[in-house]
Each structure stands twice: as C-alpha cells, then as structure tokens.
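Notes to accompany the following structure.
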Number of protein chains: 2
Amino acid sequence: MNKTRPGTRNRGRPKVRPQALAGQAPAARETPAEKENRIHGAIVDGVMEQRLKPGTKLPEAALCELFGVGRSLVQKVLQRLAHDHIVELRPNRSAIVAMPSREEVGKLFEARRALEEAVLPLVAEHATRADYASLRRQLRKEHAAMHRYAQTEWAGLASAFHLRLGELSRNPMLQRYLSELISRCSLVVALFQPPGNATCEHDEHERVVDCLEKGDVRGARREMDRHLRDLEAHIQLVEEDTNLSLADMLGLAAGP
Amino acid sequence: MNKTRPGTRNRGRPKVRPQALAGQAPAARETPAEKENRIHGAIVDGVMEQRLKPGTKLPEAALCELFGVGRSLVQKVLQRLAHDHIVELRPNRSAIVAMPSREEVGKLFEARRALEEAVLPLVAEHATRADYASLRRQLRKEHAAMHRYAQTEWAGLASAFHLRLGELSRNPMLQRYLSELISRCSLVVALFQPPGNATCEHDEHERVVDCLEKGDVRGARREMDRHLRDLEAHIQLVEEDTNLSLADMLGLAAGP
DNA sequence: TCCGTATTTTTTGTCGACAATTAATGGTTT
DNA sequence: AAACCATTAATTGTCGACAAAAAATACGGA
C-alpha cells in the first residue's frame with residue numbers, strides 16, 4: 001500500500017553526508033538536556049517545514065553522525081518523538097516520520113475540537129483584560145502576515161493563537177495535550193496542503209475572541225468548532241517522494 | 001560487585017534484595033516489548049496499590065537486579081513512566097515516585113473533568129445498545145465489590161468504568177489522554193485516602209449512564225461533573241514514610 | 001557540639017561492542 | 001523472466017564500561 005511505484009528499487013534514498021554537521025557545530029559546553037533538545041528540535045523543525053516527509057527513514061547511525069552523539073541519545077530522542085507521534089517506531093526497523101492515515105486524521109481533528117472546546121470555559125474563567133489585549137495584538141500580527149503572503153510565518157502565528165488559548169486555560173495538563181494535538185494538526189495541514197493553497201481564513205479567530213470577551217462561552221465554542229471544521233475541510237491528501245539527503249532535510253547543510 | 005551482606009548502617013531505607021526476583025522469574029521466551037511491559041507494569045501496579053509511595057527512590061541499578069535486565073531497558077521504562085507522570089526524573093539523581101503537590105492535584109482534577117465531559121458527547125454518538133448493556137454489567141460488578149468491602153477491587157472497577165467510557169468515545173487520542181488522567185487520579189486518590197475510608201459513592205455512575213441512554217448528554221455531563229467533584233472532595237493529604245524493601249513494594253517478594 | 005570542607009561512595013550520562021533481527025543481494029530452478 | 005531459497009549486509013536491541021555528577025561520609029577547626 002505504501003509502494004506507489006513497485007518497479008523502482010533503491011533510488012535516490014536519503015543518505016548521510018558526514019561533513020554536514022560541521023556547519024552546525026554544537027555549542028561550547030552543552031548541558032545534556034540542551035543536547036537532547038537540539039536534536040529533538042532539529043527533527044521537529046524538519047518535519048514541520050516539510051523537509052522531512054512522512055515515511056522518511058531515520059536510521060540511528062545516520063543521526064548519530066549528523067549530530068555527533070552516541071546512539072543512546074538518539075534513541076532517547078526518537079522515543080520522545082514517537083510519544084508525540086512525530087515519528088513511528090517499529091521493532092527492529094528504522095524509525096520513520098509518521099504518516100497518519102486518513103482515518104487517523106479524522107480522529108485527530110475530532111479530538112482537537114473536543115479539547116479545544118473543553119478549554120474555552122477555563123479560558124473565560126481565568127483570562128484578564130490584559131490577556132485579551134495580548135491575544136488581539138497577536139491576531140493583528142497574524143493578519144499582517146497573511147496579507148503579506150508569508151505563508152510559513154502565518155502558519156506559525158495561526159497555531160500560536162491556539163497555543164495561547166491553551167496557556168490561558170491555566171491548566172498545564174490540558175495545555176500539554178492541546179499543544180500535542182495542535183502540533184500534529186499543523187503537521188498534517190502542512191503536509192496535505194500544496195504550497196500557495198493556504199486556507200484563507202477571514203477572521204474566525206477574531207470571532208472566538210469576541211465571544212469570549214463578551215462572556216459568551218457557548219458562542220465561542222460554536223465558532224471554534226466551525227473554524228476547526230473549516231480547517232479540516234481544506235486539507236487534501238497528496239503523497240510524493242523526493243531525493244534530498246537527510247542532512248538537507250534536517251537543515252544541517254554545510255555552510256558556504 | 002554488589003553487597004551481599006545486609007548493610008551495617010541500614011537505616012530502614014528501601015534496599016535491594018537480590019534473591020527477590022527468583023520468585024518472579026521471567027517467562028521462557030520474552031519478546032522485547034513484553035519485557036518492557038513487565039517492568040512497566042510491575043512499577044505501575046506497585047504505585048497503584050500504594051506499595052510504592054511518592055518520593056520512593058528508584059535507582060536504576062536496583063531495578064536492573066530485581067528484573068534481571070540491563071540499564072538501557074530500565075532507563076527506557078523510567079522514561080516512559082516519567083512521561084505518564086508516574087515517576088519524576090531529575091538530572092543526575094535517582095528517579096522517584098511522583099509526588100504531586102496540592103495545586104497540581106487541583107489542576108489534575110480540573111483537567112479530568114474537562115476531558116471526561118468532552119468525551120461524553122462522542123460516547124452518546126457512537127454507543128450502541130450492546131455497549132450500554134456491557135456498561136451496566138460492569139456497574140453491577142462494581143456494586144457487588146463495594147458491598148463486599150473489597151476496596152482495592154472496587155477501586156479498580158470504579159476507574160474501569162471511566163476507562164470504558166473513554167473506549168466508547170472511539171477516539172484513540174482522547175482515550176489515551178483520559179486514561180492518563182484517570183491513572184494519575186487513582187494514584188492520588190489511593191494516596192490520600194487512608195484505607196477503610198473509601199468514598200462510598202451511591203450510584204453516581206449509574207446516573208451518568210441513565211442520562212446517556214436517554215440521549216440527555218447535557219444531563220450526563222452535569223452528573224459526571226458532580227461525581228468528579230465529589231471524588232475530589234473526599235481526598236485528604238497525608239504524608240508518611242515506611243521502611244519496606246523495594247522488592248516488597250514491587251510485589252517481587254521471594255516465593256516459598 | 002556544630003559547621004564547613006575534603007574525600008569516598010553511590011548513581012546517573014554516554015558511549016561503543018556484540019548479538020539478534022530484518023532487509024538486500026545473488027544464484028538456481030522453473 | 002519471475003519466483004524461491006541461501007547468503008550477505010544493514011540496522012536495531014541490549015549490555016557492560018568508563019566518566020561525570022551528586023550524595024554520603026569523614027575530618028578538622030571554631
């Protein structure tokens with residue numbers, strides 16, 4: 001089901017380029033946690049910016065060389081990524097970038113709607129006037145980016161809005177779950193959305209804030225639900241294959 | 001090598017008893033995943049049944065000997081437990097059983113209420129008559145256990161009810177989040193509830209099912225909210241220290 | 001006796017080595 | 001050629017070794 005072209009064998013598969021990490025040398029003294037976050041972040045960024053497409057193999061040895069660390073660390077990071085559903089971890093096989101099925105995507109958005117709505121009452125309960133002001137400021141930036149056609153930036157700001165709502169719930173657990181779902185959603189949105197075909201949401205975010213500020217939680221939930229269904233409706237499935245090197249996908253290409 | 005003789009300066013701290021794992025010998029051929037689950041399960045059980053109290057240190061070396069595995073596996077399991085917030089992982093220190101603060105407990109229950117209510121509409125949407133029947137059957141068992149004063153069994157069945165609702169939502173992500181929150185709640189409930197002082201919930205679970213079956217989602221949510229607030233209200237904070245051995249806490253005491 | 005410091009012991013962080021498993025290759029037969 | 005099986009190569013699973021960090025202990029002076 002995966003192999004769309006049965007005839008082609010091992011063509012331009014992602015290969016390691018050992019000198020790639022020279023450009024991104026690790027900082028002077030790095031704490032263990034920083035090391036781990038550097039690797040984790042590099043992979044997450046690669047996935048989010050579509051350099052690492054779903055199904056790409058991530059062999060431990062390659063990552064070790066690219067980041068200049070041992071396998072223990074790489075394994076720990078992969079473990080973490082697997083828990084966030086960013087990579088898929090199969091026994092005795094290379095880890096691969098997660099490729100959610102259409103059904104999973106449906107469930108994913110369903111879960112996100114449920115959680116995002118569940119968070120709104122808490123936001124309304126805790127948010128101060130200053131919080132709303134900062135939300136509005138953020139929305140202005142978002143609008144600006146959209147009209148500048150700065151797509152990646154806009155995408156980032158758009159999910160930042162939802163993440164901020166998670167913060168404003170003042171509940172660490174719900175916030176964490178929500179961020180997880182939002183990340184996964186941006187992943188599939190980025191994935192299934194050919195560049196240039198951005199969902200041009202008018203001001204659905206604004207409407208949510210309007211309702212919240214009026215104290216109309218019910219209305220806010222309704223708007224949010226609509227907004228998220230809109231988002232889901234605009235994605236479409238495409239699958240392809242490139243032959244970039246793994247180092248390139250990770251943004252670790254050697255400098256000039 | 002390791003000390004084989006009882007410590008001369010043993011102040012009753014949890015210590016390792018190497019022969020303890022003889023009673024719980026690993027099965028003939030164990031797949032890697034099974035191995036991992038065995039360890040994970042043993043610790044989870046230990047925590048859930050209050051043998052492992054919050055703050056108990058879990059040194060890697062001790063766990064290695066107890067379960068007869070290397071440190072890699074133990075580390076992986078600890079990592080996983082940390083992600084579930086069952087243990088706390090501090091850099092360069094032993095992992096300890098998680099000890100949630102009072103505030104965290106509050107937020108925890110808040111999150112659980114939010115999620116548990118968010119799940120109910122989906123349950124109402126997907127559940128068949130057969131599902132409700134099986135729910136009722138489970139409730140009868142629960143009742144029976146309560147009237148038999150089988151506390152641990154009852155506690156297990158009670159959370160099984162909530163877990164079942166998670167299943168019936170037919171949404172893997174929400175189900176996972178909910179299980180996580182439920183586990184943590186049972187942890188603190190078990191923790192803060194002196195044995196014998198069980199919360200005697202009358203039939204709050206039944207009422208939720210009643211509403212669901214009538215299609216009254218709103219009412220179900222109200223009942224669930226009340227039920228969970230009741231539960232939270234009955235816990236109280238106590239902290240103490242025992243001097244059982246780690247092997248005992250893990251239920252790995254030597255056989256006959 | 002109490003407190004701050006030096007030393008020893010315990011414990012984790014990280015790595016490479018070897019075994020086990022899976023994928024890739026090559027050769028043989030139909 | 002295509003399918004099948006044996007062999008080789010690539011990759012993960014698991015472990016113990018060593019170094020670094022923290023804790024526990026021992027020591028010396030006020």
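What's counted below: heavy atoms across the whole structure, side chains too, no hydrogens, waters or symmetry copies. Throughout, protein chains are lettered first and strands after them, A, B, ... in sequence-line order, and every chain is numbered starting at 1.
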Please tabulate, for the side chains in residues 78-90 of chain A, all donor-acceptor contacts under 3.5 angstrom to protein atoms that are two or more places apart in sequence or on a different chain.
residue, atom, partner, partner atom, Å
A:Arg80, NH1, A:Glu36, OE2, 2.9
A:Arg80, NH1, A:Asn37, OD1, 3.4
A:Arg80, NH2, A:Asn37, OD1, 3.2
A:His83, NE2, B:His83, NE2, 3.0
A:Arg90, NE, A:Ser94, O, 3.1
A:Arg90, NH2, A:Ser94, O, 2.8

With sugar-phosphate taken as primed atoms, P, OP1 and OP2 and all else as base, the protein-contact string of nucleotides 13-20 of chain C at under 4.0 Å (heavy atoms; B, S, -) is BBB-B---
Supply the atom-to-atom distance B:Ser183 OG to B:Leu178 CG, rounded to the nearest 0.5 angstrom.
9.5 Å
Nearest-0.5 Å distance, CG of residue A:Leu168 to CD of residue A:Gln175:
9.0 Å
Sorted by chain and residue number, the side chain to side chain donor-acceptor pair (under 3.5 Å) partners of A:Arg170 (sequence neighbours excluded) come out as A:Asp131
Between A:Ser94 and D:dA10, is there a side-chain N or O to OP1/OP2 distance below 4.0 Å?
no
Is the closest basic N to carboxylate O distance between A:Glu180 and B:Arg176 below 4.0 Å?
yes
